[in-house]
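Throughout, numbering of the chain's residues begins at 1 and tracks the sequence.
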Amino acid sequence: MSTEESSASIEAVALLQDPIRRRLYEHVAAADHDVSRDEAAEAAEIKRPLAAFHLDKLAEAGLLDTVFRRPEGKTGPGSGRPAKFYRRAEAEFAISLPARDYRTLATVLAEVTEHAGLEDAVAAAAAQHGPSVAGRDVMDALRERGYEPYLDGAVIRLRNCPFHRLAVDFPPLVCGMNLALLEGPAAEAGWTARMDPAPGRCCVSLSKTNTD
């Protein structure tokens, strides 16, 4: 990580020390849709102008992305100007003091693994490093690992992939490793982990195991 990247990460993370900004960010990050200023203000229990100010500060820091569109149900010439909505940014922020570059190391190892055809060995090793669910709720275990789980009917979906950057560059390798990480803990908790890729979320989902 360069000095400029580290400085940008520190500034971005520092913004979240403010409790209002942190509540706003967490609400937008957890939403499965673009969030309006009105919705964010209501969620944070603050006035709309204050919510707009803090949301824009988060967007300026790269923590949120913005999109302009008309609210649903409003079309035509009389629908007014497009409103501003917010979503979590794709950018990643990390702080390492002193500077470390684990991303390059991970990329090199992933390239070697793919070239050597070691995917099965990686999956076998990953199976030994899944989240611990012994005596715990599986949602809590997934949350601690950064997956940001949420229930979608009878399915646990994972809003975040902790390995997103590498998964984009090495999808078969990293998604296969991710599945191997979660299969054992999921089975222990009575769930079945399976590949279920879709835009905007992790490639793995969990369904309740049929015990009939």
Kindly compute the distance separating CZ (R145) from CG (L158), expressed to the nearest 0.5 Å.
12.5 Å

Are V138 and Y150 linked, directly or through other ILVMFWY residues, by side chains that come within less than 4.5 angstrom of each other?
no

Smallest separation among heavy atoms of R194 and S207, with atom names
NE-OG, 3.4 Å

For A52 and R37, which heavy atoms make the closest approach, and how far apart are they?
CB-NE, 3.5 Å

For residues F163 and V168: do they belong to one hydrophobic cluster (side chain heavy atoms under 4.5 Å, members Ile, Leu, Val, Met, Phe, Trp, Tyr)?
no

With side chains defined as the heavy atoms from C-beta onward, is the minimum distance between H27 and E39 less than 4.5 Å?
yes

Residue among D65, L64, D34, V67 satisfying side chain to side chain contact (heavy atoms under 4.5 Å, CB included) with Y86
L64

Over all heavy atoms of both residues, which pair between L58 and L24 is shortest? Give the atoms and the distance, please.
CD1-CB, 4.4 Å

Hphob cluster co-occupancy, L63 + I20, side-chain heavy atoms under 4.5 angstrom
yes

Atom OH of Y147 and atom CG of N178: how far apart are they, to the nearest 0.5 Å?
4.0 Å

If you measure from CG on L142 to SG on C202, what distance do you get to the nearest 0.5 Å?
9.5 Å

CG (D196) and SG (C203) are apart, to the nearest 0.5 Å, by 9.0 Å

So among R143, R201, R88, which one has a side chain to side chain contact (heavy atoms under 4.5 Å, CB included) with N160?
R88

If we only count heavy atoms from C-beta on, is the L151 to I156 side-chain gap below 4.5 Å?
yes

Hey, mind stepping through R23 and E45 against side-chain contact (heavy atoms from CB on, under 4.5 Å) and telling me if it holds?
CA-CA 10 Å; R23 288 203 303 273; E45 300 181 338; 5.6 Å; no

Could you check whether atom NZ of K84 has more than 12 heavy atoms from other residues, nucleotides or ligands sitting under 6.0 Å from it?
yes

Does E26 CD have over 12 foreign heavy atoms under 6.0 Å away?
yes

Grouping I, L, V, M, F, W and Y whenever their side-chain heavy atoms are under 4.5 Å apart, do L15 and F53 come out in a common cluster?
no

Hphob cluster co-occupancy, L50 + L16, side-chain heavy atoms under 4.5 angstrom
yes

Please check if the side chain of R159 supplies one atom and the backbone of A30 the other of a donor-acceptor pair under 3.5 Å.
yes

Got a list of side-chain donor-acceptor pairs under 3.5 Å for residues 110-134, not counting sequence neighbours?
{"from": "T113", "atom 1": "OG1", "to": "L109", "atom 2": "O", "distance (Å)": "2.7"}
{"from": "H115", "atom 1": "ND1", "to": "E111", "atom 2": "O", "distance (Å)": "3.3"}

Distance in Å, D38 CG paired with E42 CD, rounded so as to fall on 0.5 Å steps
8.5 Å

Interatomic distance, S36 atom OG to R69 atom CZ [nearest 0.5 angstrom]:
8.5 Å

